Amino acid sequence: MDDIHAPATGDPTRHARIVQLDGLRAIAVSAVFLQHALKAPLWIGVDLFFVLSGLLITGILLERKARGQSYFAHFYARRARRILPPYGLLLAVSTLLFGAGWMHYWPWYAFFSTNIGLSLSGIGHDSLNVLWSLAVEEQFYIFWPFVVLLCPERVLAWVAAALIVAAPVLRAIATPWFASFWPIYYLTPFRMDLLAAGALLAVALRRDRRALEPFYPLAIVVALAALGALGWLHVSNPRFRAANTPLSNAMLYSISLLLCTSIVVIALRGRGIVQRVLTHPALVYVGTVSYTIYLIHLSVLYALWPLHLNRYASAALAFAITLAYATATWYGFERRLTRGPARRPLPVVTRTTA
């Protein structure tokens, strides 16, 4: 979950922040929060994070490759600075709140494989289950930098497209291997199509920053159709996701991929009301600290649920505490680690004449 940057133009030496994607990330983390706090059927929030991650990380890798600068060292050092400090702090907070049961499963945490642990049995307190998606990203980024480095951009686009096609096929084939849909949901080979979709967008934008403009109307149509299909499935067959059939596992997450990828395309165009909403300062700020919000929100909810508050009051209080925690860690150490020390404006020198 790196900072949201991408090339501003075709010039690989220029690197600008895409502010509207911060707003989109805020929407994604809000969906995850509402899913856990109010049981809203918004599990696609994580899928949106995956598409964004594939877009942004691939864009960064392509830029480093084009500039001929430090590649692997820069990439993994950047990931370590962004991921590890809040990750370690989460484990410390979890130990204080819920005990050190997670230490019995320490290899899953040490090697970013909590998604595998969840697929096999458990990884400790349920508040730490959110780490499965971080594990998916880190596993994907073990091999993806090598693919980006070794493949020309045209070949890279075909590789990403192949992964998009391969993932639902793997989900369908592997369904009989598992007693529930959870391993299909958790394991990287079955979710890599979302990251690959983001990567494909990055390659397209790399070649032409306006490459996605002609697809904007189509993206709106696809997003509405996918949202309608997911809504219809939820109403007509609420157990469809848990059915664990080749059809449900192959189709459901592919519909989510279409929805999330279309949403990203719409956001990237960033005009009119879409731009005004996604660049609202409050939304941008929530998106900026969304990584820590994502990490800690479930721990806060589990700490509050034993108080038996009204569920809406509990959700509101949990969000306030979560945002305060994320703000404290952002200004305490995260911003400095990811963006460097804040730069003070140079003093204005005025000249006087005698």
Side-chain angles (χ1 to χ4, degrees), residues 1-8 10-18 21 25 46-87 109-116 131-167 170 186-207 209 211 257 260-261 264 291 337-340:
M1 297 184 178
D2 277 57
D3 292 335
I4 297 180
H5 288 82
D11 179 1
T13 64
R14 297 186 64 185
H15 205 54
R17 190 170 185 82
I18 308 176
L21 295 190
R25 182 168 284 180
V46 172
D47 290 11
L48 184 53
F49 271 128
F50 283 153
V51 176
L52 285 169
S53 182
L55 166 67
L56 302 167
I57 294 296
T58 303
I60 291 170
L61 290 170
L62 286 170
E63 181 179 348
R64 301 298 297 185
K65 175 183 174 181
R67 295 173 68 173
Q69 295 181 332
S70 173
Y71 185 81
F72 290 107
H74 176 270
F75 175 74
Y76 289 114
R78 182 188 179 104
R79 295 294 293 175
R81 289 195 305 270
R82 184 71 187 103
I83 297 299
L84 293 180
Y87 184 88
Y109 295 93
F111 298 105
F112 289 97
S113 53
T114 50
N115 60 332
I116 300 173
L131 294 175
W132 76 269
S133 62
L134 183 60
V136 168
E137 287 196 19
E138 297 312 302
Q139 289 160 19
F140 185 79
Y141 294 130
I142 289 174
F143 75 89
W144 191 244
F146 293 91
V147 176
V148 174
L149 181 64
L150 296 175
C151 293
E153 288 183 16
R154 184 180 294 274
V155 175
L156 183 64
W158 281 107
V159 171
L163 293 179
I164 293 171
V165 173
L170 286 176
Y186 286 143
L187 295 175
T188 302
F190 308 128
R191 308 311 310 278
M192 63 185 177
D193 49 344
L194 293 154
L195 292 151
L200 190 58
L201 294 180
V203 174
L205 290 170
R206 182 76 190 177
R207 300 180 69 180
R209 68 188 181 94
L257 179 145
C260 294
T261 305
V264 172
Y291 171 51
L337 288 173
T338 57
R339 299 184 182 177

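Each residue takes its place number in the sequence, starting with 1. From a predicted model like this one, the values you see are computed outputs, not experimental measurements.
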Any chance the rings of Phe112 and Tyr87 have centres within less than 6.0 Å? yes

Can you tell me how far the CE atom of Met192 sits from the CZ atom of Phe50, to the nearest 0.5 Å? 13.0 Å

Steps toward side-chain contact (heavy atoms from CB on, under 4.5 Å) verdict (Leu195, Val136): CA-CA 10 Å; Leu195 292 151; Val136 168; 4.1 Å; yes

Step by step, would you call Arg78 with Ile60 a side-chain contact (heavy atoms from CB on, under 4.5 Å)? CA-CA 11 Å; Arg78 182 188 179 104; Ile60 291 170; 3.9 Å; yes

What's the separation between atom CZ in Phe49 and atom CD in Glu137, rounded to the nearest 0.5 Å? 9.0 Å

Basic-acidic side-chain contact under 4.0 Å: Lys65, Glu153: no

Rounded distance (nearest 0.5 Å) linking atom CG of Leu61 with atom CG of Leu56: 11.0 Å

Phe72 and Phe146 aromatic centres sub-6.0 Å: yes

Going through the checks in order, is the side-chain contact (heavy atoms from CB on, under 4.5 Å) test met by Ser53 and Tyr141? CA-CA 10 Å; Ser53 182; Tyr141 294 130; 2.9 Å; yes

What's the shortest heavy-atom distance between Pro85 and Leu337, and which atoms? CG-CD1, 3.5 Å

Going by heavy atoms in the side chains, are Val46 and Arg191 under 4.5 Å from each other? no

Listing, residues 196-205 side-chain donor-acceptor contacts under 3.5 Å, not counting sequence neighbours, or none:
none

pair Ile83-Tyr291: side-chain heavy atoms closer than 4.5 Å: yes

Just so I know, are the side chains of Val147 and Leu156 near enough to count as touching, which here means a heavy-atom distance under 4.5 Å? yes

Close side-chain approach of Glu63 and Gln69, heavy atoms under 4.5 Å: no

Taken to the nearest 0.5 Å, the spacing of Leu62 CG from Ile57 CD1 works out to 11.5 Å

Inter-residue atom distance Phe111.CZ - Ile116.CD1, 0.5 Å rounding: 11.5 Å

Full working for side-chain contact (heavy atoms from CB on, under 4.5 Å) between Phe75 and Val148: CA-CA 12 Å; Phe75 175 74; Val148 174; over 6 Å; no

In Å and rounded to the nearest 0.5 Å, what is the CG to CG distance from Leu55 to Leu194? 13.0 Å

Would you check if Leu149 and Arg64 make a side-chain contact, meaning some heavy-atom pair closer than 4.5 Å? no

